[in-house]
Amino acid sequence: MNTNSNAYTIIYTTLVVVVVAAVLAFTAMKLKPAQSANAQAETLRQMMSAAQIKPTDELYATRNADILKIYADNIGQAYTIGLDGKQNGTLSTDLKNIGLVDNLKPQNKAIKDGSEATLPVYVFKSGVIVIPIYGAGLWGPVWGYIAFQPDGKTIAGAYFDHESETPGLGAKIKDEAWFREKFAGKTVEWGETPAFRLEKNAEQSGAANTVDAITGATMTSKGLNEALNVWFNAYENHLGTGACSCALEEQAVTPNEEEE
């Protein structure tokens with residue numbers, strides 16, 4: 001074949017494209033299990049950081065396989081609810097088949113549309129209840145996990161993350177432990193609008209449902225504030241009205257297990 005012909009150029013280019021596409025597809029297929037495992041472990045780290053299962057630094061220094069075991073050892077029950085606050089599914093807590101709802105964007109859309117949602121509730125053996133939040137920051141999505149004391153009102157801890165917020169400003173929602181720590185002990189005032197306030201000088205009011213926004217990160221703070229309230233509103237029929245079945249049932253003691 002004439003290597004200078006148009007036909008040769010077209011055939012050669014086509015073969016190169018096909019080979020490169022096949023290599024990329026094969027690589028993506030081989031990497032997918034590892035990527036999925038990393039994403040699952042990251043979600044569990046964030047949840048358990050919010051729930052105060054272990055210090056955040058320790059969780060991020062722990063390998064993925066051990067993170068799964070820590071979660072399985074500490075989780076009591078996990079299930080999903082709809083916007084009506086009623087349970088509509090269960091999530092496996094078995095070590096070999098941990099169930100999560102970690103794609104939060106579709107659920108965020110369902111909340112705003114008032115359509116069918118599948119909102120996760122994670123209840124740890126300590127009694128702490130963890131729910132996610134998701135919204136839009138300045139440059140991309142922001143999300144996180146809020147942990148509640150067994151009363152379903154008092155915040156036990158929080159963890160926040162982002163896709164592309166500005167380093168040193170909006171990125172502080174993830175990078176600065178002092179910001180996350182400000183949420184512990186605060187309350188969500190179910191039935192009020194808004195149920196929580198993350199605003200400039202919000203704490204001056206003395207209200208228990210307030211945290212000061214990050215100075216210099218106005219848009220990120222506004223986005224996180226909206227995300228908190230949109231998702232709190234979605235969970236109000238479950239956590240805020242007594243519909244929550246979060247209390248772990250005490251295991252019955254059989255006669256041969258009773259103390260002598």
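Along the sequence shown, residues carry numbers from 1.
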### Task
Determine, stepwise, if the pair Asn237 / Leu83 fulfils side chain to side chain contact (heavy atoms under 4.5 Å, CB included).
CA-CA 7 Å; Asn237 285 333; Leu83 295 177; 5.7 Å; no

### Task
Evaluate side chain to side chain contact (heavy atoms under 4.5 Å, CB included) for Tyr145 paired with Ile131, printing each intermediate quantity in order.
CA-CA 6 Å; Tyr145 291 88; Ile131 65 170; over 6 Å; no

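By the 6.0 Å contact criterion, CH2 on Trp139 is open, its count of non-hydrogen atoms from other residues, nucleotides or ligands being 12 or less.
Side-chain contact between Pro132 and Tyr235 is present, with at least one heavy-atom pair separated by less than 4.5 Å. Residues Lys54 and Thr62 fail the side-chain proximity criterion, which asks for heavy atoms closer than 4.5 Å. The shortest side-chain heavy-atom distance between Phe179 and Ile173 falls under the 4.5 Å cut-off.
Between Trp143 and Tyr134, the angle of the ring planes stays under 30°, which puts this pair in the parallel group of the 30/60° scheme.
In this structure a side-chain-to-backbone donor-acceptor pair under 3.5 Å is present from Lys125 to Asp73. Looking at Ser221, its side chain does come within 3.5 Å of a backbone N or O of Ala217 through a donor-acceptor pair. A donor-acceptor contact shorter than 3.5 Å is absent between the side chain of Glu163 and the backbone of Val142. With Asp151 contributing its side chain and Lys153 its backbone, the two residues share a donor-acceptor pair below 3.5 Å.
The nearest pair of heavy atoms linking Ala147 to Val130 is CB-CG2, 3.9 Å. Heavy-atom minimum distance, Leu59 versus Arg45: O-NE, 2.9 Å. Counting all heavy atoms, side chain and backbone alike, Ala156 lies closest to Gln149 at CB-NE2, 3.7 Å.
With sequence neighbours excluded, the residues forming a side chain to side chain donor-acceptor pair (under 3.5 Å) with Ser205 are Arg197, listed by chain and number. Glu42 meets the side chain to side chain donor-acceptor pair (under 3.5 Å) test with Gln46, Tyr60; sequence neighbours excluded. By the side-chain contact (heavy atoms from CB on, under 4.5 Å) test, Glu192 pairs with Glu189, Asn209, sequence neighbours left out. By the side-chain contact (heavy atoms from CB on, under 4.5 Å) test, Asn97 pairs with Ser92, Asp94, sequence neighbours left out. Every side-chain contact (heavy atoms from CB on, under 4.5 Å) that Thr80 has, sequence neighbours left out, goes to Asn88, Leu91, Val101, Thr118.
The hydrophobic clustering, which links ILVMFWY residues whose side-chain heavy atoms are closer than 4.5 Å, places Met219 and Leu228 apart.
Side chains of Thr220 and Glu165: a donor-acceptor N/O pair is present below 3.5 angstrom, by distance only. Using a 3.5 Å distance cut-off with no hydrogens or angles, the side chains of Asn201 and Asp212 do not pair a donor with an acceptor.
Pairs passing the ring pair (Phe, Tyr, Trp, His ring centres under 6.0 Å) check and including a residue from residues 195-224, sequence neighbours excluded, read Phe183-Phe196.
Annotation: the span from Ile133 atom CD1 to Asn229 atom CG amounts to 10.0 Å, rounded to 0.5 Å. One distance of note links OH of Tyr159 with OG1 of Thr43; it measures 11.0 Å at 0.5 Å rounding.
Between Glu199 and Lys222, none of the side-chain N atoms (NZ, or NE/NH1/NH2) sits under 4.0 Å from a carboxylate O, so this pair counts as no salt bridge. Between Lys69 and Asp66, none of the side-chain N atoms (NZ, or NE/NH1/NH2) sits under 4.0 Å from a carboxylate O, so this pair counts as no salt bridge.
Screening Thr90, Val121, Val123 for a side-chain contact (heavy atoms from CB on, under 4.5 Å) involving Gln77 leaves a single residue, Val123.
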